[in-house]
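What follows is one structure encoded as structure tokens, with my remarks underneath.
To find a chain, count down the sequence lines: A is the first, B the second, and so on, and within it residues start at 1. Note that these values count all heavy atoms, side chains included, but never hydrogens, waters or copies made by symmetry.
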Number of protein chains: 4
Amino acid sequence: MPTQAGTLLTSQSLFRCPPPSSHPTRRASAAKEARPQELIDAALELFAEKGFAATRSEEVAARAGVAKGTLYLYYPSKEELLKAVISQRLSSEIVAVTEYANAFQGSCEALLRDVFTEWWSRVFDSPTSAVFKLVITEVRNFPEIAAFYRAEVVEPATALVGEIVERGVRSGEFAPVDVRGAVMSLVFPMIMLCLHKHSLGACAPATDMMEPHAFIRQHVELVLHGLRAHPTSTAGADA
Amino acid sequence: MPTQAGTLLTSQSLFRCPPPSSHPTRRASAAKEARPQELIDAALELFAEKGFAATRSEEVAARAGVAKGTLYLYYPSKEELLKAVISQRLSSEIVAVTEYANAFQGSCEALLRDVFTEWWSRVFDSPTSAVFKLVITEVRNFPEIAAFYRAEVVEPATALVGEIVERGVRSGEFAPVDVRGAVMSLVFPMIMLCLHKHSLGACAPATDMMEPHAFIRQHVELVLHGLRAHPTSTAGADA
Amino acid sequence: MPTQAGTLLTSQSLFRCPPPSSHPTRRASAAKEARPQELIDAALELFAEKGFAATRSEEVAARAGVAKGTLYLYYPSKEELLKAVISQRLSSEIVAVTEYANAFQGSCEALLRDVFTEWWSRVFDSPTSAVFKLVITEVRNFPEIAAFYRAEVVEPATALVGEIVERGVRSGEFAPVDVRGAVMSLVFPMIMLCLHKHSLGACAPATDMMEPHAFIRQHVELVLHGLRAHPTSTAGADA
Amino acid sequence: MPTQAGTLLTSQSLFRCPPPSSHPTRRASAAKEARPQELIDAALELFAEKGFAATRSEEVAARAGVAKGTLYLYYPSKEELLKAVISQRLSSEIVAVTEYANAFQGSCEALLRDVFTEWWSRVFDSPTSAVFKLVITEVRNFPEIAAFYRAEVVEPATALVGEIVERGVRSGEFAPVDVRGAVMSLVFPMIMLCLHKHSLGACAPATDMMEPHAFIRQHVELVLHGLRAHPTSTAGADA
DNA sequence: AATGAATGAGGCTTCATTCAT
DNA sequence: TATGAATGAAGCCTCATTCAT
């Protein structure tokens with residue numbers, strides 16, 4: 001039986017995942033301890049590009065530079081590999097933002113600006129950006145992914161951003177908007193940017209779009225302006 | 001002769017699609033002329049739910065209430081059905097918004113507010129909302145979809161919204177933002193709402209999210225506020 | 001139930017066949033009494049061209065100018081149609097040669113020359129030539145065809161030609177060859193000519209072959225010369 | 001890498017065919033290098049028996065002693081397998097006769113006698129005899145086969161035999177016949193013998209036919225006698 | 001550990017045949 | 001009679017997974 005990679009049901013990795021590299025410090029690219037990561041990277045690229053069902057496991061192995069059978073020494077099935085891809089990538093990012101935000105000193109506005117223009121910009125540029133497409137594409141086929149993603153990504157992230165906005169509203173820095181909506185106004189375009197990068201944006205002759213990082217900055221400013229103002233009509237519409 | 005589903009390469013429908021039912025009297029079912037639409041509806045649901053590759057053509061047929069072979073009387077392959085699904089749904093919507101906007105009288109702000117809270121809200125509630133997920137998921141596997149979507153949806157839509165914003169900027173109603181970015185700030189969250197509805201949002205125990213229509217209204221107001229203001233920092237960030 | 005067309009096990013038609021035209025004299029091409037023959041003609045062409053298994057029954061119907069379902073009003077299945085094609089065509093030809101030969105007056109040589117250059121030449125030019133390919137192709141899949149063909153074609157034909165040769169041998173006109181072999185020497189090339197016409201010969205850029213009718217004449221003369229001579233070496237080889 | 005079955009467009013094999021086993025040690029079976037040949041052998045038998053379209057690829061695999069999927073490791077499709085069957089078998093035979101004839105010393109008559117009674121007799125007894133049926137049956141469905149067969153078999157073979165006859169005619173050993181016709185007179189019955197073996201001849205209760213090898217000898221003598229003589233009547237018939 | 005040949009379940013598509021009109 | 005829409009069994013081929021080397 002292959003390296004069975006026990007199922008963890010806790011936050012860091014809901015799914016089966018390979019044993020942590022026994023020597024996490026020494027990982028030469030061609031060495032076997034790097035395999036799990038190489039496989040995950042290859043899988044992320046391919047799953048995000050073609051979809052899980054349309055990706056052959058042999059392709060993943062090939063892109064990772066190993067033979068078909070080798071994949072099964074590390075992950076018991078294609079599906080477990082998918083789960084590993086998602087949990088591994090996102091878990092580490094969540095840890096990263098949380099630390100980033102906790103370490104921050106300054107106004108709510110400055111913090112939000114920072115989180116998006118610094119941290120999210122990096123996510124956008126990294127392979128992690130592909131995970132959003134993967135999640136959106138595959139959640140409905142794999143309920144475990146939904147549970148994991150909600151618990152490990154959506155909740156911490158909305159909590160994080162939500163608390164900042166909340167604080168701003170309470171301090172009078174922001175107008176009294178629906179906080180959950182404000183979070184969506186900030187986050188949704190960021191995710192869409194990632195999705196676009198891996199869908200239409202990856203198709204040949206790109207239309208002239210605003211440059212992503214510039215858009216991130218402009219969008220954050222736009223929303224911050226809006227937040228500082230008084231969104232009266234919404235309140236009116238609700239009434 | 002079967003409803004031959006010819007290939008149109010012009011704007012209205014890039015892909016094979018059956019001619020409109022000659023007898024628009026929409027009888028319950030069992031009527032031959034209703035088949036193409038029934039198949040498209042079934043296919044949209046399933047492709048959006050499970051993905052194109054993971055949906056068996058027999059499932060589509062079953063959901064449309066016909067046998068496996070019947071599907072092939074109307075569409076020559078699963079792939080052509082996919083293209084028909086996308087082009088048929090989006091083509092009609094694009095025509096709809098354009099007419100909607102052209103018929104509108106009023107300020108830029110009012111027009112934008114209207115387009116999103118009226119028209120987009122309806123799209124969100126309709127099955128068409130699923131097409132966005134489908135496009136994002138499948139463009140990279142089917143280049144024709146990319147071409148069609150860009151030409152028939154992205155371009156007209158950004159042109160439409162862009163022109164409204166542009167007019168606002170020129171008239172001094174809006175601050176001098178990057179118009180393309182403003183369009184993205186408005187549209188991206190709308191698309192995300194649709195994507196969410198058909199991905200995480202469709203998974204069992206929904207998190208407490210802001211109610212979609214309320215969010216649309218708040219988001220539009222937020223951005224309009226922002227647009228009216230002076231997005232100085234962006235300019236500064238670019239410098 | 002379709003015009004069941006009883007199964008005749010006697011010589012004229014071993015297989016199920018449609019009722020003989022009720023008015024064999026009056027047959028307008030578009031009239032329904034002509035259907036069975038039109039279907040048989042279409043089927044012969046297509047079966048010979050593409051093979052039985054590779055020919056769709058709808059194609060046969062189309063070439064006969066009727067709809068798919070109509071075929072089944074005349075023949076209960078594709079297989080029965082095949083049998084009808086073979087038996088109908090060959091039966092009439094066998095009757096024809098036999099009458100031809102019986103009516104003949106003259107030397108064995110003259111009779112053989114005549115049978116091949118007159119009668120075979122006409123068969124070669126007629127659609128019946130395709131039946132040989134069909135029989136060779138399909139006998140092993142349909143044992144009934146083998147039985148029919150042997151009884152109705154091979155035996156009468158070899159008997160006919162064999163008796164002529166036999167007579168020549170006994171009268172001293174021909175050398176004492178193996179009569180069955182002489183028949184094969186005469187008949188095999190004729191059949192090959194038909195097979196070639198419907199296989200390689202039907203493919204685009206024909207090689208320069210001897211003109212078929214000229215070949216028939218030359219071949220018959222060649223063999224007749226040989227028969228008049230003394231095939232000593234064969235006798236020697238057998239001994 | 002699987003025995004990749006490259007496509008050769010040159011004379012020896014127009015179609016995809018696997019490279020010759022690198023390890024000619026013919027172990028019983030279960031040896032990977034033997035697969036291509038085993039599949040070709042199985043395919044030849046079945047295609048010749050039932051026809052290409054009527055043979056299921058799984059049957060071929062089963063007769064070769066492997067599973068369905070294994071076939072596709074060696075040939076990309078059933079059609080490519082067909083082409084491989086034909087080209088592989090015939091290519092080697094053509095090489096064989098040519099060498100045989102070139103090595104021969106003796107009169108034209110002796111050479112012809114030899115080629116047919118020695119070489120052709122062996123072909124008749126070998127599985128290659130089935131290829132003729134296959135070619136006749138399938139050429140019209142696969143144009144590539146026609147091109148290959150004409151170039152690689154018909155032309156070399158008629159050239160070979162034709163040159164011998166030609167020489168005989170020029171030296172006065174033979175009467176001035178149409179050489180192409182003489183070749184047909186010699187070759188056609190040989191091919192028919194092969195066709196018969198795999199069609200009617202393979203059906204249960206064989207009629208009493210002359211024994212094939214004896215027929216070959218008698219036929220060759222018959223034709224040689226005829227060639228030595230003066231085919232005057234043909235000339236007369238043409239005039 | 002790594003490989004890749006082999007397997008066979010499963011999906012797409014075709015087409016003989018039926019049957020309501 | 002004639003039609004052609006509908007059916008579903010059956011065939012080709014793919015690919016996740018196994019396992020002997």
Contact summary for D:Leu39 and D:Ala61, nearest pair of heavy atoms: CD2-CA, 4.4 Å
D:Ser77 to D:Tyr72 - nearest heavy-atom pair and separation: CA-CE2, 4.0 Å
Base-pairing mate for [N] - Watson-Crick or G-U, with both contacts under 3.5 Å:
| N | answer |
| --- | --- |
| E:dT13 | F:dA10 |
| E:dT7 | F:dA16 |
| F:dT21 | E:dA2 |

Measure CD/B:Glu58 against P/F:dA9 and give the value in whole Å, please. 10 Å
Could you tell me the separation between the CG atom of C:Leu71 and the C1' atom of F:dG4, rounded to a whole number of Å? 14 Å
Under the 3.5 Å rule, do the base of E:dG10 and the side chain of D:Lys68 count as making a donor-acceptor pair? yes
Any cation-pi pair here, D:Lys83 with D:Phe142, using under 6.0 Å and within 45°? no
Of F:dA5, E:dA16, E:dA6, the nucleotide closest to the side chain of C:Tyr72 is E:dA16
Checking all strands, does A:Ser57 fall into the base, sugar-phosphate, or nothing category for heavy-atom contacts under 4.0 angstrom? base
Assert: residue with more 5' nearest nucleotide on DNA chain F, out of B:Ala67 and D:Glu79, is B:Ala67
5'-most contact on DNA chain E (nearest-nucleotide basis), C:Ala53 vs B:Phe52, goes to B:Phe52
Is the distance from OP1 or OP2 of F:dA2 to the nearest side-chain N or O of C:Arg35 less than 4.0 Å? yes
Tell me whether the side-chain N/O atoms of A:Tyr74 come closer than 4.0 Å to OP1 or OP2 in E:dA2. yes
